[in-house]
Amino acid sequence: MNREEILEKTAEFAFSSCSSFDPGHDKDHLLRVKRLSLEIASSYFCDTFLVEMLAYLHDVEDDKFASHSKVDDFLSRLDIEEEIKTKILSLLPFMSFHKYPTLPGDFPIEGKIVVDADRLDALGAVGVARAFSYGGSKGRKMYGSSDSTLAHFEEKLLHLDQYLHLDASKEMAKERMDYLKSFYARFKEEIHDGN
Ligand code: ADP
Ligand code: NI
């Protein structure tokens with residue numbers, strides 16, 4: 001199987017794996033993360049095949065969705081070099097923000113790229129939509145409780161630019177952060193800060 005075919009099969013596998021996730025973690029999230037990853041990757045010397053594989057697979061094993069070890073089985077069925085398979089499996093656990101908000105300094109560039117791209121997709125207008133989609137899927141309030149979506153803005157999203165690893169991603173995050181902050185300020189205004 002050539003790399004093109006491997007990527008095609010991997011995309012298919014990842015899209016079907018996330019079909020039961022909330023709309024913020026669907027096929028389109030994977031396609032956005034792939035596109036953002038390749039955009040960041042264009043500023044660095046790196047293995048874009050590995051970047052693309054990680055982008056497709058980064059959420060498959062997310063314990064928010066309680067799936068397990070499906071990637072290992074899938075990669076074993078693919079005709080893929082053992083070395084790349086081992087590398088992918090060793091990097092995937094680090095894709096999660098709640099487990100690894102910051103990556104080890106010597107973490108491979110391909111992993112940093114996909115982690116940053118995933119975080120960029122939690123910012124900007126899409127980030128706002130994803131947060132409410134995720135909160136809604138869990139039956140959470142929009143605001144006014146400690147597990148509300150607005151609380152998630154305060155705890156995580158409004159500081160997410162501090163958890164990016166690469167200069168290219170930090171640059172791309174600027175406009176998205178500004179948008180998120182102005183959305184947050186406007187939202188607070190419209191709800192009269194909960195009063
Ligand atoms: P990670 O698992 O590394 O946090 P994901 O891409 O899987 O990254 O998911 C993060 C997305 O889910 C973001 O868009 C984020 O806003 C949303 N999300 C996660 N936790 C919450 C929460 N408690 N409330 C609202 N949105 C959330
Ligand atoms: Ni993701």
Side-chain angles (χ1 to χ4, degrees), residues 10-11 13-41 50-68 70-71 88 91-104 107 110-166 169 172-173 175-177 179-184 187-188 191:
T10 304
F13 163 76
F15 295 163
S16 77
S17 302
C18 70
S19 60
S20 61
F21 296 178
D22 77 287
H25 289 88
D26 62 0
K27 170 184 175 175
D28 295 318
H29 167 60
L30 301 183
L31 289 171
R32 289 191 303 272
V33 171
K34 182 192 84 163
R35 188 181 49 72
L36 288 164
S37 296
L38 293 177
E39 194 178 330
I40 301 168
L50 181 56
V51 167
E52 224 176 303
M53 289 294 280
L54 290 173
Y56 285 135
L57 296 172
H58 82 274
D59 270 340
V60 173
E61 305 234 4
D62 193 317
D63 54 16
K64 277 203 292 302
F65 306 107
S67 62
H68 26 198
K70 289 196 306 186
V71 180
I88 292 171
L91 299 183
L92 283 179
F94 292 92
M95 301 288 120
S96 161
F97 181 83
H98 55 280
K99 284 198 210 129
Y100 299 98
T102 43
L103 297 169
F107 200 70
E110 292 83 0
K112 286 183 180 167
I113 287 171
V114 176
V115 164
D116 281 7
D118 192 27
R119 291 178 187 174
L120 285 173
D121 202 49
L123 300 174
V126 167
V128 171
R130 291 184 71 220
F132 285 101
S133 158
Y134 183 82
S137 78
K138 298 279 172 193
R140 295 190 183 141
K141 282 165 69 68
M142 291 198 288
Y143 62 94
S145 68
S146 62
D147 70 348
S148 67
T149 301
L150 207 64
H152 180 67
F153 275 68
E154 288 150 9
E155 280 156 21
K156 174 175 164 186
L157 301 181
L158 293 169
H159 319 285
L160 205 49
D161 56 340
Q162 290 162 35
Y163 295 89
L164 295 171
H165 302 86
L166 301 166
S169 337
M172 287 160 71
E175 275 190 6
R176 287 169 188 249
M177 278 308 290
Y179 182 86
L180 200 80
K181 284 179 183 162
S182 69
F183 172 87
Y184 175 79
F187 193 97
K188 294 266 279 188
I191 61 175

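As the structure lists them, so they are numbered: ligands from 1, and atoms in each ligand from 1.
- Here Asp121 fails the criterion, with no N, O or S atom under 2.8 Å of the Ni ion (ligand 2).
- Which parts of ligand 1 touch Met95 is read off a 4.0 Å heavy-atom cut-off, strictly below it: atoms 3 (O).
- Ranked by closest heavy atom to atom 19 (C) of ligand 1, the top entry among Arg140, Glu155, His152 is His152.
- The angle subtended at the Ni ion (ligand 2) by NE2 of His29 and NE2 of His58 is 90°, given to the nearest 10°.
- Not a single N or O atom of Asp121, backbone or side chain, sits closer than 3.5 Å to an N or O atom of ligand 1.
- Contact atoms of ligand 1 toward Ser96: 3 (O) (distance under 4.0 Å to a heavy atom of the residue).
- Residue contact check: Leu157 has heavy atoms under 4.0 Å from atoms 16 (O) of ligand 1.
- Here His25 does not reach the Ni ion (ligand 2): none of its N/O/S atoms is less than 2.8 Å from the metal.
- More than 12 heavy-atom neighbours from other residues, nucleotides or ligands sit within 6.0 angstrom of NZ on Lys156.
- For ligand 1, the atoms lying closer than 4.0 Å to a non-hydrogen atom of His29 are 6 (O).
- Looking at His25 next to ligand 1, an N or O pair under 3.5 Å apart turns up.
- If you number the atoms of ligand 1 from 1 as listed, the ones under 4.0 Å from a heavy atom of Arg130 come out as 6 (O), 9 (O), 11 (C), 13 (C), 14 (O).
- Taking only nitrogen or oxygen atoms, main chain and side chain alike, Tyr134 does not reach within less than 3.5 Å of ligand 1.
- Within Asp118, the N/O/S atom positioned nearest the Ni ion (ligand 2) carries the name OD1.
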